[in-house]
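Comments concern the structure below.
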Amino acid sequence: MLWPLFLLVTAIHAELCQPDAENAFKVRLSIKTALGDKAYAWDINEEYLFRAMVAFSMRKVPKRETTEIAHVLLCNVTQRVSFWFVVTDPSKNHTLPAAEIQSAIRMNRNRINNAFSLSDQTLEFLKIPSTLAPPVDPSVPIWIIIFGVIFCIIIVATTLLILSGIWQSRRKNMEPSEMVDAEDKRENMITVENGIPCDSLDAKGGHINDAFMTEDERLTPL
Amino acid sequence: MPRADPAGMAQTLALDWLGDAPKDGRPKWDNKFQYFLSCLGFAVGLGNVWRFPYLCQTHGGGAFLLPYAVALVFEGIPLFLIELAVGQRLQRGSLGVWTAISPYLSGVGLGCLAVSFLVSLYYNTVLSWVLWYLLNSFQQPLPWSSCPLGLNRTGLEEECQGSSAVSYFWYRQTLNISADIRDSGSVQWRLLVCLAACWAVVYMCVIRGIETTGKAIYFTALFPYLVLTAFLVRGLTLPGAVHGLTYLFTPNMQTLQNPRVWLDAATQIFFSLSLAFGGHIAFASYNPPRNNCKRDAVAIALVNSLTSLYASITVFSVLGFKATNDHGQCLDRNILSLINEFDLPEQSISRDGYLAALAHLNTTQPERVARLSLKSCRLEDFLDKSAAGPGLAFIIFTEAVVHMPGAPAWAVLFFGMLFTLGLSSMFGNMEAVVAPLLDMGVVPRWVPKEALTGLACLVCFLLATCFTLQSGNYWLEIFDSFAASLSLIVLAFLEVVGVVYVYGMKRFCDDVKWMTGSRPGLYWRVCWTLVSPLLLLTVLVTYIAFLAQKPPSYRAWNPQYEWFPARQEKRYPGWVLAACALLSLLPTLCVLGAALAQLLAQRTRRWRPRDADTR
C-alpha cells in the first residue's frame, strides 16, 4: 500500500530535482585543489552536512523559518564533485523561488564555506555570484609615501648644491681675480729656453754656482 | 677668440697643450674612468634592454648578429671615432666644432642641439613612467598582479577582465589613455608629479655640468650591470628559461634576405651608440687633447654591443620562463573546462595527458567539446609573443616578475635598473643641450651655470607636460618615431662628409696621429671616405622609401573595439601628420637655414666697406 505512495513521492522528488530544473542550482566543489593531501572524500554524510547548511541558510529568511533538512533535495552527484539541489516548501510539492535561495546563500556564504573548509573559488554555486571581498586599501597609497621621501631628499640635495655653488663663487670673487689668474698662468706655463725648461733654473731662489769661489775662501787663511 | 680657421686653431692648441689652463675655464674630467663611464652611460640606454632583444627575436634570432656586427664595424665605430676625435681636438661642444670646421656647417651643430632637445623631452617622460612603476613596486602583492573589483563588487573590472591585469594597470591606472589621439583628455596628476620628480633628479645631477654628472655616473652607469647580472642568474634558474634561450637564439638564416633586417641593424647600431646627438663631442671636448680616442671609441662601442647581448640573454631567459608559465596556465584552463563540462574527477587529467584526453573526448563527444571553444596551447605561440619598447618593460616583464618568488624585490631592481640606464643617457642629452648654449655665449658671463641648467630643465619640463595628457602616449610614439630617426641619419651623413671632405682627410689624420700617436690605418680611411657615407646614404634612402610605402598609423587602446584587447589601428589626422613632418625636418631645416644665413652674411659683407669687418 505504501509502495505506490513511496514511488509517487520519489517520482515527484525526481521531477523537482533535475539538472536545469526550475529553481535548481548546480554546485561544484574542488576539494583536492583546496586541501591537497588533507582532502576528504565526498560521501553521504558530507551531503547531509550540505543539506543542513542550506536548510540553516533558508531558516534565516523571514517566512521560511520552518525549513527542514528533508526539504533540501540533492541529485546527480558526480565524481567531479558536482550536484544539483533544490529547496521545496513544507508541502513538498513545489520548489522555493530561486531568488530567495540565492539571497539566502549569499548572506551565509561565509558560514557554508567554513563548514567545508573551502573558499568562494573552490565551492562554487553556479549562477549565484559571491560578493568579493574589498581589497585592503591603505588610507595613503604607498607610492605617495615613498615619493614624498625621495622628493624631499632631492630638494635638500639640490638646495645644498646650489648653496655650495653660490658660496664657492663668492669665495672666488673675494680674491683679486684677473691678476691672480694671469700670474698663475704665467707661472704654470713652462717656458723653454735652449731646450731646457726654465723652472729648473729657479730664477727666484738662486743657486750657488760651485764654479766660483765661496765667501770663506776669498780670504786666505792666516 | 680667433677666427674660424682650422689651421690657425691647430697652431694655438699646439702651444696650449704645454700645460696652459684653458682660456675660458673649460671643465675637465677628474680622471679617464669618469669620461669612459660617461660616454658608456650615454651610449647604453633603454634601447639596449628593450629594442635589441626585440630585433633579435623578430629578425631570425642569432642570425641578426651578423648584420649587427657588419653595421658596427663599418658604420658605428668609424662614426664614433670621428665624433670623439673632432671634439677632443677642437676642444669645443658640437656647435663650436662645426662652426670651426666651416661656418656653412654650423647648422649641423644647431641640428644636433634641436634633436637633443626634442629627445630629452620624451626620454624623460619615459623615465617618469619607470619611476611610477618603481614607486608602486614597494608593496606585496604588486598592484598589477590582480584586477580591481568592478562597481558592484560581484566581479572584476570589465576592461581588466577583457585584457589582463598588467595591461589594465598600464593603460588605465598609469596612462588613463584615451581611445583616440584627437581626444586629449586631462592632465594626469600622478604622471605630472613623477615627471616633476624626474626633472628634479636630472637637474640635481647636471646642475654643474660634468662636475656633478661625473660623480653621479659612477652609480648610474655601474648599477645596471649589477642588476643585469642578478637577473641573469635568477633568470637562468627559472623553469622554462632554456626554452626561451634556445628558441629565440636559434638562427634563421632566411630572414637575412629581407632588406628590412639590414636597415634595422644599421639604424639600431646608430641609435644605440647615440651618434649625432652632440653629446659625445661635448664629452670628448673636456678631455686633454692628447688622449687615445681611437682606443676609447673601439672600447666603448664594443662594450655597448656586448651589453646589448648580455641584456638580451637576460631578457630571453625571463621571457622563456613567462612563456612556459603562460603555456602551463593555458593548459590548466583547458583541463578545468574539460573536467567541469564532463564532470570528471578533479586532477584526473594531467598537463602531459591533456592531449590524449582531448583526443579521446573529441572522438566520443565532439559537439560538447566544440561548444567549449578551447584555445590551442602551443609553447611556440607564447614564445612568439614579443614587444619592443614600453610594451616589453611595462606589460610583459611586469607579468613575468609577478610569478617570480619575491616579486616586489625583483620589480624594484628591474625598474631601478631601467631608471639608472635612462638617467645616464639623459646626462649626455642635457650635456648636448647645455654645452652648445654655453659655447654660443647665449647667456652673459655673470649668469651662473646652475641657473642655465635650471632654466633648460624647467623649459623641458613645462613642454613635456603635454605627454602627461591622456593622449600623451600616442604623441610620445610620434616623437619616438619621427623626431630623431631621420634627422640623426642626415646629421651623421653631414658630419662624415664635413670632416672628411671639408675639414680634409689628411688634416684629420694628422690630428688623430698627433692625439693618439699613430696614424689611422687603411680600415679607418676607407670607412670614412667611402663605406660609411655610402651606408648612411643607403640607410636614409631606404628609410624614406619604407616610410612612404604606407601612411603612418597608430594603434589605439579602445575598450569599445570589437576585437578588444587587440589594439585598433587608426590613421593619423592631417594636422598630426603635419606635426610629424615638422618634427622630422626641423633639424634639417636648421642646417639649411644656418648655411643660408652664412651665405647671406658673406654676401652682405662683400658689399660693405672693408674696415667694417672687425672679425
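Keep in mind that what you see is a predicted model, and the values were worked out from it rather than measured. Chain A is the first sequence line, chain B the second, and so forth, proteins listed ahead of strands; every chain is numbered from 1.
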Shortest non-hydrogen contact between A/Ile142 and B/Gln139, atoms and distance =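 Looking at all heavy atoms of both residues, the shortest contact is CD1-CB, 3.5 Å.
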Indicate the atoms forming the closest heavy-atom contact of A/Phe151 with B/Ala200, along with that distance.
-> CE1-CB, 4.2 Å
Are B/Arg208 and A/Ser164 linked by a side-chain donor-acceptor pair shorter than 3.5 Å?
->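 There is such a pair (donor and acceptor under 3.5 Å, judged by atom type) between the side chains of B/Arg208 and A/Ser164.
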Might you work through the side-chain contact (heavy atoms from CB on, under 4.5 Å) test for B/Asp343 and A/Gln79, ending with a clear yes or no?
-> CA-CA 6 Å; B/Asp343 287 318; A/Gln79 275 192 312; over 6 Å; no
Max heavy-atom pair count under 4.5 Å with chain B, selected residue of A/Leu29, A/Ile153, A/Ile155, A/Ile146 |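 Of the candidates given, the most pairs with chain B belong to A/Ile146.
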Scored by heavy-atom pairs under 4.5 Å with chain B, the best of A/Ser30, A/Pro141, A/Ala39 is A/Ser30
If you round to the nearest 0.5 Å, how far is [atom2] of [Y] from [atom1] of [X]?
{"X": "B/Leu336", "Y": "A/Thr33", "atom1": "CG", "atom2": "OG1", "answer": "7.5 Å"}
{"X": "A/Thr159", "Y": "B/Met204", "atom1": "OG1", "atom2": "CE", "answer": "11.0 Å"}
{"X": "B/Ser348", "Y": "A/Lys32", "atom1": "OG", "atom2": "NZ", "answer": "8.0 Å"}

Contact origin within [X] toward chain B - heavy atom pairs under 4.5 Å:
{"X": "A/Ser82", "answer": "side chain"}
{"X": "A/Phe147", "answer": "both"}
{"X": "A/Ile145", "answer": "neither"}

Answer whether the closest heavy-atom distance between the side chains of B/Trp132 and A/Trp143 falls below 4.5 Å.
-> yes
Would you indicate whether [X], at its atom [atom1], is surrounded by more than 12 heavy atoms from other residues, nucleotides or ligands within a distance under 6.0 Å?
{"X": "B/Trp189", "atom1": "CH2", "answer": "yes"}
{"X": "A/Arg111", "atom1": "CZ", "answer": "no"}
{"X": "B/Gln347", "atom1": "CD", "answer": "yes"}
{"X": "A/Glu22", "atom1": "CD", "answer": "no"}
{"X": "A/Tyr40", "atom1": "OH", "answer": "yes"}
{"X": "A/Ile44", "atom1": "CD1", "answer": "no"}

Working for side-chain contact (heavy atoms from CB on, under 4.5 Å), residues B/Leu135 and A/Ile150 | CA-CA 10 Å; B/Leu135 294 175; A/Ile150 294 179; 3.9 Å; yes
Can you tell me which portion of [X] sits under 4.5 Å from chain A's heavy atoms? Options are side chain, backbone, both or neither.
{"X": "B/Pro448", "result": "neither"}
{"X": "B/Tyr203", "result": "side chain"}
{"X": "B/Thr212", "result": "side chain"}
{"X": "B/Ile207", "result": "side chain"}

Assess whether side-chain contact (heavy atoms from CB on, under 4.5 Å) is satisfied between B/Asn340 and A/Arg28, documenting all intermediate values.
-> CA-CA 8 Å; B/Asn340 284 349; A/Arg28 192 189 291 148; 2.8 Å; yes
Option in B/Ala451, B/Pro148, B/Cys205, B/Pro345 with maximal non-hydrogen atom pairs under 4.5 Å from chain A =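 Top count of heavy-atom pairs under 4.5 Å with chain A: B/Pro345.
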